[in-house]
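Read through the structure below, which is laid out as structure tokens, and then see the notes.
What you see is a predicted model, and the numbers here were worked out from it, not measured in a lab. Note that the numbering runs from 1 along the sequence shown for the chain. Counting starts at 1 for both ligands and their atoms, in listed order.
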Amino acid sequence: MSSQRSARPSASDPEGGGIAILGAGALGRLWAARLPPTASGFVPRNPSALSSFRLHYHFRDSEGREHAVTRPWLTTLSDVTLLLVTTKAGDTLEALEQVIGRIPESCPVVLFQNGLGSQQAVAARWPARPILAASTTEAANRPAPDRVVHAARGHTWIGALTEPATDLVAGIIRQLSPSGLDVRGEVRILERLWGKLAINAGINPFTALLDCPNGEILESRLFLDSIDALCEELANLIAAEGLPPHSPRILRNDIERVARNTASNTSSMRGDVQSGRTTEIDYINGYVANRSRELGLTAPVNQMLTDRVKELVPHPSN
Ligand code: KPL
């Protein structure tokens with residue numbers, strides 16, 4: 001999976017390939033490592049600040065094998081045929097503002113953000129572009145700046161958000177197939193994103209507040225005292241959005257099942273707090289609280305968790 005070439009890369013260079021990745025965190029590096037070396041590269045947000053034309057890191061695949069990965073920073077984006085956006089939810093709109101003018105109008109943009117809110121903001125900002133959302137259960141983490149671990153294999157669902165993307169899903173799946181990752185089309189991508197948001201809303205803030213791995217939240221007073229009300233708030237909002245109803249009981253079962261199955265994991269939110277990074281709480285429990293208010297509902301438990309997580313690390317005010 002490694003590439004040792006040293007020529008200056010560009011997406012129009014056959015060595016640069018056609019898939020550009022915006023966001024060089026764990027998920028972006030997982031995709032780059034899994035795609036053939038000649039097929040992908042990373043998009044710098046500020047090309048003039050690049051100190052090297054290549055990004056090097058170590059990748060441990062899901063079978064525990066180690067790989068040295070080298071991928072180009074793409075300095076030319078005019079021939080990019082697919083853009084995967086793997087930035088944090090809160091950075092996405094601004095990051096895309098910086099690069100979207102350099103990629104072709106017809107290039108599909110696939111958004112991999114957690115939670116909800118950032119995807120709708122991007123689709124509303126560029127309705128004439130082919131914008132899609134992905135929901136993934138691939139588990140990747142970055143225990144050190146130059147190390148990425150593919151902790152567990154999962155599935156990725158992709159669906160269109162804007163009209164120009166409607167017929168592009170099959171072609172994108174074909175383009176991503178050399179990765180060997182399981183990628184499927186999803187007509188109801190918003191429902192899929194809601195399902196993942198509900199799981200994250202019921203796990204991530206508790207792990208961040210209690211500073212514990214996912215499984216340990218299940219015995220905690222905080223979780224046991226608030227999970228039923230939290231699931232009720234989620235179920236009310238899902239129904240008010242006109243999505244297929246979920247009972248609070250089933251939502252709680254789903255949350256507890258995922259927490260047990262990922263018992264030793266450090267959630268992405270706990271990882272953000274430990275590293276002093278802004279969390280995605282505004283796009284998970286914060287999204288539930290705000291959207292509930294907009295639809296005339298209340299979500300005090302989601303609001304309380306949002307407020308408390310925001311006290312752990314500084315967040316931009318919004
Ligand atoms: O998606 C996750 C996350 O950490 O964001 C869970 C499902 C909680 C697994 O850790």
Please name all residues satisfying ring pair (Phe, Tyr, Trp, His ring centres under 6.0 Å) with W126, sequence neighbours left out, ordered by chain then number.
->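 For W126 there are no ring pair (Phe, Tyr, Trp, His ring centres under 6.0 Å) partners, ignoring immediate neighbours.
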N200 N/O under 3.5 Å from ligand 1 N/O | yes
Backbone or side-chain N or O of N204 under 3.5 Å from ligand 1 N or O | yes
Going by distance alone, is a donor N or O of one side chain under 3.5 Å from an acceptor N or O of the other, for H155 and T137?
->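 No, because no side-chain N or O of H155 sits under 3.5 Å from a partner of the opposite role on T137.
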For the residue pair N236 and E232, confirm or rule out a side-chain donor-acceptor distance under 3.5 Å.
->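 No, no side-chain donor-acceptor pair sits under 3.5 Å.
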Nearest protein heavy atom with distance in Å, relative to atom 9 (C) of ligand 1 = N214 ND2, 3.5 Å
Atom 7 (C) of ligand 1: which protein heavy atom is closest, and how many Å away?
->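 Closest protein heavy atom to atom 7 (C) of ligand 1: V258 CG1, 3.9 Å.
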Okay, side chain of R147, backbone of H58: is any donor-acceptor separation there less than 3.5 Å?
->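 Checking the backbone N and O of H58 against the side chain of R147, no donor-acceptor pair under 3.5 Å is found.
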Which of the ligand 1 atoms, numbered from 1, are nearer than 4.0 Å to a heavy atom of S268 =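 Every atom of ligand 1 under 4.0 Å from some heavy atom of S268: 3 (C), 4 (O), 5 (O).
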Could you tell me which atoms of ligand 1, counted from 1 in the order shown, lie closer than 4.0 angstrom to a heavy atom of S267?
-> 4 (O), 10 (O)
With L96 as reference, evaluate T87, V43, L83 under the side-chain contact (heavy atoms from CB on, under 4.5 Å) test and give the passing residue.
->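 Filter result, single survivor: L83.
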